[in-house]
Amino acid sequence: TQTYFKMKYFIVILAAVVLAQAQDDWKIKSANEVNDIRRECHKEHPFNEELQKHEEVLRFPDEDVVRNYEVCVFTKWGVFDPETGFKKDRLVRQFEPVLKREEIDEIIGRCADKNEQGSPIDVYASRIQRCIDKTDIAPNLLKVIGKL
């Protein structure tokens, strides 16, 4: 009977793990999917020629249109929720093909605060983006998303 209880306990744990994974049906986005999102967000938040040049190297100035564009992209990408903030696990999964999981986890953990400052959502998302821009994720992002 001890084996029976161990097996029953194992099945309960397995069911809990499967249920937890089923609740997050988010999938890693391909370069085409990310670029489609970026194009959608550009329609909502158009960039002038100067900002387009900054985007080519993913170095954005701190401007309203850029911050709102970033919120749009992160939200549609599914890696950010305006209510709860960044979804660290999704960002880690997205960048695993180009960086080691431990590196990404450490970078995201360092950059993705919980907005304890109470900043407006666009300022909050932009702050996280600026932090990530200073890391190894930034140059590797282009490998994940390609050019627009």
Side-chain angles (χ1 to χ4, degrees), residues 9-148:
Y9 181 71
F10 173 76
I11 290 171
V12 169
I13 291 174
L14 182 62
V17 169
V18 168
L19 181 62
Q21 288 178 342
Q23 290 175 346
D24 186 5
D25 60 352
W26 180 84
K27 304 272 188 267
I28 293 172
K29 305 294 185 261
S30 69
N32 287 337
E33 290 171 313
V34 173
N35 283 322
D36 287 346
I37 291 167
R38 291 168 66 202
R39 283 184 199 94
E40 283 179 45
C41 291
H42 272 303
K43 288 177 185 171
E44 295 174 34
H45 310 282
F47 280 12
N48 62 28
E49 193 174 317
E50 182 183 338
L51 288 177
Q52 289 172 13
K53 289 177 186 174
H54 285 283
E55 185 176 27
E56 289 176 16
V57 291
L58 298 176
R59 295 287 181 206
F60 297 111
D62 187 16
E63 296 182 17
D64 285 346
V65 69
V66 174
R67 290 192 305 269
N68 289 313
Y69 166 79
E70 289 170 334
V71 169
C72 178
V73 170
F74 294 147
T75 302
K76 289 179 187 238
W77 192 347
V79 297
F80 180 76
D81 180 303
E83 298 295 319
T84 59
F86 279 88
K87 297 176 183 278
K88 180 180 174 185
D89 60 318
R90 292 179 179 183
L91 285 167
V92 170
R93 287 173 24 213
Q94 181 70 53
F95 291 107
E96 266 187 314
V98 292
L99 285 174
K100 292 180 183 161
R101 184 177 201 40
E102 299 78 32
E103 289 177 276
I104 305 163
D105 195 48
E106 190 272 324
I107 290 167
I108 301 301
R110 185 175 65 234
C111 289
D113 64 55
K114 299 292 182 199
N115 198 20
E116 294 87 352
Q117 302 87 333
S119 303
I121 291 303
D122 64 322
V123 173
Y124 170 46
S126 186
R127 179 174 62 246
I128 307 305
Q129 178 65 49
R130 301 292 163 266
C131 179
I132 290 171
D133 283 349
K134 298 173 187 169
T135 71
D136 290 342
I137 288 179
N140 283 293
L141 178 61
L142 290 173
K143 293 178 187 172
V144 172
I145 64 173
K147 292 282 185 176
L148 186 60

[X] versus [Y], closest heavy-atom pair with distance:
X      : Y      : result
Thr135 : Ile132 : OG1-O, 2.6 Å
Ile104 : Leu91  : CG2-O, 4.1 Å
Val73  : Ile37  : O-CG2, 3.8 Å
Ala112 : Ile128 : CA-CD1, 3.7 Å
Ala125 : Phe80  : CB-CZ, 4.2 Å
Glu44  : Cys72  : OE1-SG, 3.7 Å

Greater than 12 external heavy atoms within 6.0 Å of Glu116's CD:
yes
Once you round to the nearest 0.5 Å, how far does [atom1] of [X] lie from [atom2] of [Y]?
X      : Y      : atom1 : atom2 : answer
Asp122 : Asp64  : CG    : CG    : 6.5 Å
Asp36  : Ser30  : CG    : OG    : 7.5 Å
Glu102 : Glu106 : CD    : CD    : 11.0 Å
Cys111 : Arg130 : SG    : CZ    : 12.0 Å
Asn32  : Arg39  : CG    : CZ    : 7.5 Å
Ile121 : Ser126 : CD1   : OG    : 12.5 Å

Whether the side chain of Arg90 engages the backbone of Trp26 through a donor-acceptor N/O pair (distance < 3.5 Å, no angle test) should be reported.
no
Tell me whether Asp105 contacts the main-chain N or O of Arg101 through its side chain, where contact means a donor paired with an acceptor under 3.5 Å.
no
Does the separation of the ring centres of Tyr124 and Phe74 fall below 6.0 angstrom?
no
Compare all side-chain heavy atoms of Tyr69 with those of Glu55 and state whether any distance is below 4.5 angstrom.
yes
Would you mind reporting whether Gln129 and Val66 have side-chain heavy atoms less than 4.5 Å apart?
no
So, are Lys27 and Glu33 salt-bridged, with charged N and O less than 4.0 Å apart?
no
